[in-house]
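Note sheet for the following structure.
A, B, ... follow the sequence lines: proteins, then strands. Residue 1 opens every chain. Note that this is a predicted model, so its numbers are computed, not measured.
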Amino acid sequence: MMFIPTLKEDPGEAEIPSHALTLRAGLIRKIASGIYSFLPLGLRVLKKIERIIREEMNNAGGIEVILPVIQPSELWKKSGRWDEYGPDMFRLRDRNDRDFCLGPTHEELITYMAHLDIKSYKELPLNLYQIQVKFRDEIRPRYGLLRAREFIMKDAYSFCSNVQDLDLVYNKMYSAYIKIMERIGLSYKVVNAETGLIGGNVSHEFIVLAGDGEERLVYCPECGYSANMEMADFACAKKNKENTELKEIKEVSTPGIRDIDSLSKFLNTGKGQTLKTILVMDNRKKIYAFIMSGDRELNITKAGKSLGKNLELSRDEEPGRNLKAGFLGPVGLEKDIEIYADHSVSDMKNFVTGANREDMHLINVNTGRDFKVRQWGNFSYACDGDNCIECGAKLKFEKGIEIGHIFKLGTKYSEKFGARFLDKDGKLRPFVMGCYGIGVTRMLSAIVEQNHDDKGIAWPVSVAPYHINIITTTAKDPNLSEAAEDIYSKLLKMGVEVLYDDRDLSAGIKFKDSDLIGIPVRFIIGKKYIDKKVIDVETRMDRAKTELPVDSINGFIKEFKSRNNI
RNA sequence: CGGGACGUGGCGCAGUUUGGCUAGCGCACCAGUAUGGGGUACUGGGGGCCGGAGGUUCAAAUCCUCUCGUCCCGACCA
């Protein structure tokens, strides 16, 4: 008797394949927005994923622990993140009115632990990890397990006495992550995700490629450069207009034309011939203007980095200022607003901008002649046609799911927590830390996202809930049932995981369910068994069908096991 | 948080605009018969106070108010 409740139809709430399929195949059930139960099949997959991760972490020198889910507010106040984290954190209070949270991550706790128990450089380096549930009250939980509020993560934290050792541990983790991806059988990319504001810190994201993923990444097919959209460096596609003659600037009436789309249509020109002006402000409400080619988008992260400030869009009309939303431009802009120009503007000539007057734009505007740029930089996202910063080849774009993120933390947390050790020279130093995360439950969704067809899931053997699915074409024939039982126990003895569908249902239903839940190999015991002691073997991934005499089962299983390292 | 939509047996939906009989359909479920290699056919069943609260009305799934939940979208307009 098994508990695998499958659904015939896609649940209405499911937007992407992995969401629909994890529900339909009876892996998970939603309990509240972003909160899921794992049913037996889902749990088995989860355990498989965890096992692979655990093995690779152990191989890479990790040591497993479990840290509490419920964490006292004091630790978070110490790091300053009690306030920083904001509404993303689930908070609770005990009967004595002490504040706690459900841990969204564990840097605070682990640093505190290190502070308690690591005293000497002789105990370093140390790399502790756990596979533990985490809680984040996401603004918008989405896509089932992909963006959930309760989810399982593997998180590791390393403690070293110096940055050289951190580099070593970091590299070990990097290769462990690659092994994990390879063993599971995912197609992925590692992207550079260095965060400039913190400075010097290295970080890599492991992205599982998927069209429905939320992460956008850029890569170079020639030299292998890759980065996420936010961080990607690139060489702007040239517009090739070096010898164009500068025309006379003119004001034109553009009633109600407030966006680039309608502007380029109205003036019958390409978007690349228009100039986009975006106002942002820093945390002191000082306003800056960023200009870029109209077919580009502001990368506010980069813009902020170049100014060394946290920027946000200046969204509302600022009171007492002459800022005409939809008709902004660098010419005649209020004097105190500095103009930062994206490289995409550098070879633009005679372009269109807002006139800073309602319903008016300027044409034949030219940089230098008509306005001054305070600073040039790369402030937009890479676009189709842009080139690799390293080798000049055309960049390519992909979408994906962020599955892993590794990070050189340095001493940020250890300093705040006074987590120090006594070094060789007898001096107290803060631990040099790194942290390394993998979204375990998210990984499950990502695997489904990459391994499905119109009939259902097709699990890679490495994480399949079972290896082999035995189906009898009827449950009414005792000969078949007996044979199935025999084969079932034989397979178990041989060390493969078998799911025997003995339900008294028509064969068609069992086939459909089997396709849906995606077990890699199917043994069909039916007429052919009665006639000539032969079973049909189907493989889910490539849908190949072969006949297998029962005498040859041993050999088949041996081959299957060795091929899949079971 | 802002905008939009939805909430009717386990699941997917109709009915709501224009209030009016015992609230429907498909799937699933239970019993039976025939089936038994791709969601088979037929027969007979069980299950819903229409998310919740309040209101309007002779009468509310349907209209109004509030509330809870769920899903989608959210600089490119600056």
With sequence neighbours left out, what residues match A/E150 under side chain to side chain contact (heavy atoms under 4.5 Å, CB included)?
-> A/I35, A/V133, A/F135
Tell me, for nucleotides 1-14 of chain B in 5' to 3' order, what letter each nucleotide earns: B for a base near a protein heavy atom under 4.0 Å, S for only sugar-phosphate near one, - for neither?
-> B---------BS--
Can you name the closest pair of heavy atoms from A/R147 and A/R442 and give their distance?
-> NH2-NH2, 4.1 Å
Please check the phosphate of B/G69 (OP1 and OP2 only) for any side-chain N or O of A/S33 closer than 4.0 Å.
-> no
Among residues two or more places apart or on two chains, list those pairs meeting salt bridge (Lys or Arg N to Asp or Glu O under 4.0 Å) that have a residue in residues 26-41 of chain A.
-> A/E13-A/K30
Between the base of B/C27 and the side chain of A/K8, is there a donor-acceptor distance below 3.5 Å?
-> no
Kindly write out the residues that satisfy side chain to side chain contact (heavy atoms under 4.5 Å, CB included) with A/T22, not counting sequence neighbours, or none if the list is empty.
-> A/L27, A/I28, A/L444, A/V448
How many Å lie between CZ on A/R147 and P on B/C72, as a whole number?
-> 12 Å
Return the value, rounded to whole Å, for the distance between atom NZ of A/K512 and atom P of B/C27.
-> 16 Å
Contacts satisfying ring pair (Phe, Tyr, Trp, His ring centres under 6.0 Å) that involve residues 4-46 of chain A (not counting sequence neighbours) are none
When both distances are under 3.5 Å in a Watson-Crick or G-U wobble arrangement, the nucleotide paired with B/G2 is B/C73
Atom pairs, N/O to N/O, protein against nucleotides 31-34 of chain B, distance under 3.5 Å?
none

What is the pairing partner of B/G10, taking Watson-Crick or G-U wobble pairs with both distances under 3.5 Å in any strand?
-> B/C27
Using purine N1 to pyrimidine N3 plus N6-O4 or O6-N4 for Watson-Crick, or N1-O2 and O6-N3 for G-U wobble, both under 3.5 Å, which nucleotide pairs with B/G47?
-> none
Using the P atom as the reference point in each nucleotide, state the distance between B/A59 and B/U22 in Å, no decimals.
-> 15 Å
Check every atom of B/C71, B/U40, B/G37 against the side chain of A/K30 and return the nucleotide holding the closest atom.
-> B/C71
Whole-Å distance between B/G36 P and A/D536 CG?
-> 18 Å
List for me each residue that meets ring pair (Phe, Tyr, Trp, His ring centres under 6.0 Å) alongside A/Y381, sequence neighbours excluded, and say none if there are none.
-> none
Start at the 5' end of RNA chain B and walk down; is the nucleotide closest to A/K276 or to A/K528 reached first?
-> A/K528
Please give, in whole Å, the distance from B/G39 P to A/K510 NZ?
-> 14 Å
For the side chain of A/K276 and the backbone of A/I260, is there at least one donor-acceptor N/O pair under 3.5 Å apart?
-> no
Thinking salt bridges, do A/D536 and A/K528 make one under a 4.0 Å N-O criterion?
-> yes
What does A/R522 touch in the nucleic acid at a heavy-atom separation under 4.0 angstrom: a base, only the sugar-phosphate, or nothing?
-> base
Can you tell me the distance, in whole Å, between the CD1 atom of A/I16 and the P atom of B/C73?
-> 11 Å
Which of these nucleotides, B/U70, B/G36, B/G37, is closest to any side-chain atom of A/I524?
-> B/G37
Carefully, step by step, assess A/M348 and A/I291 under the rule side-chain contact (heavy atoms from CB on, under 4.5 Å).
-> CA-CA 12 Å; A/M348 285 172 72; A/I291 58 174; over 6 Å; no
Before accepting this row, confirm whether a basic side-chain N of the pair A/D261/A/K271 lies closer than 4.0 Å to the acidic partner's carboxylate O.
-> yes
Distance in angstrom units between A/L505 CG and B/A28 C1', rounded = 12 Å
Contacts to RNA chain B from residues 468-491 of chain A, heavy-atom cutoff under 4.0 Å, which residues?
-> A/T473, A/T474, A/K476
With sequence neighbours left out, write down each residue that passes side-chain hydrogen bond (donor to acceptor under 3.5 Å, both in side chains) with A/E15, or none if nothing qualifies.
-> none
Give one of base, sugar-phosphate or nothing for A/D504, where a contact means two heavy atoms less than 4.0 Å apart.
-> base
Could you check how far CG of A/D501 sits from C1' of B/G36, rounded to whole Å?
-> 14 Å
Watson-Crick or G-U counterpart of B/A34, or none if no pair lies under 3.5 Å = B/U40
Tell me, which pairs form a ring pair (Phe, Tyr, Trp, His ring centres under 6.0 Å) where one or both residues lie in residues 513-544 of chain A, sequence neighbours left out?
-> A/F523-A/F556
May I ask you to verify if any side-chain N or O of A/K527 is less than 4.0 angstrom from the OP1 or OP2 atom of B/G36?
-> no
For A/F327, report the nucleic acid contact type (base, sugar-phosphate, nothing); a contact means any heavy atom under 4.0 Å.
-> sugar-phosphate
Heavy atoms under 4.0 Å, any strand shown: does A/Y381 hit a base, just sugar-phosphate, or nothing?
-> base
Closest to the A/I509 side chain, choosing from B/G37, B/G39, B/C71 | B/G39
Of A/L298 and A/G34, the one whose closest nucleotide on RNA chain B sits nearer the 5' end is A/G34
Could you pull out all residues at least two apart from A/I257 that satisfy side chain to side chain contact (heavy atoms under 4.5 Å, CB included)?
-> A/T254, A/S262, A/L263, A/F266
In chain order, what residues pass the side chain to side chain contact (heavy atoms under 4.5 Å, CB included) check against A/C220, with sequence neighbours excluded?
-> A/E222, A/C223, A/Y225, A/C388, A/C391, A/A393, A/L395
Minimum-distance nucleotide to A/Y143 side chain [options: B/C72, B/G37, B/C71] = B/C72
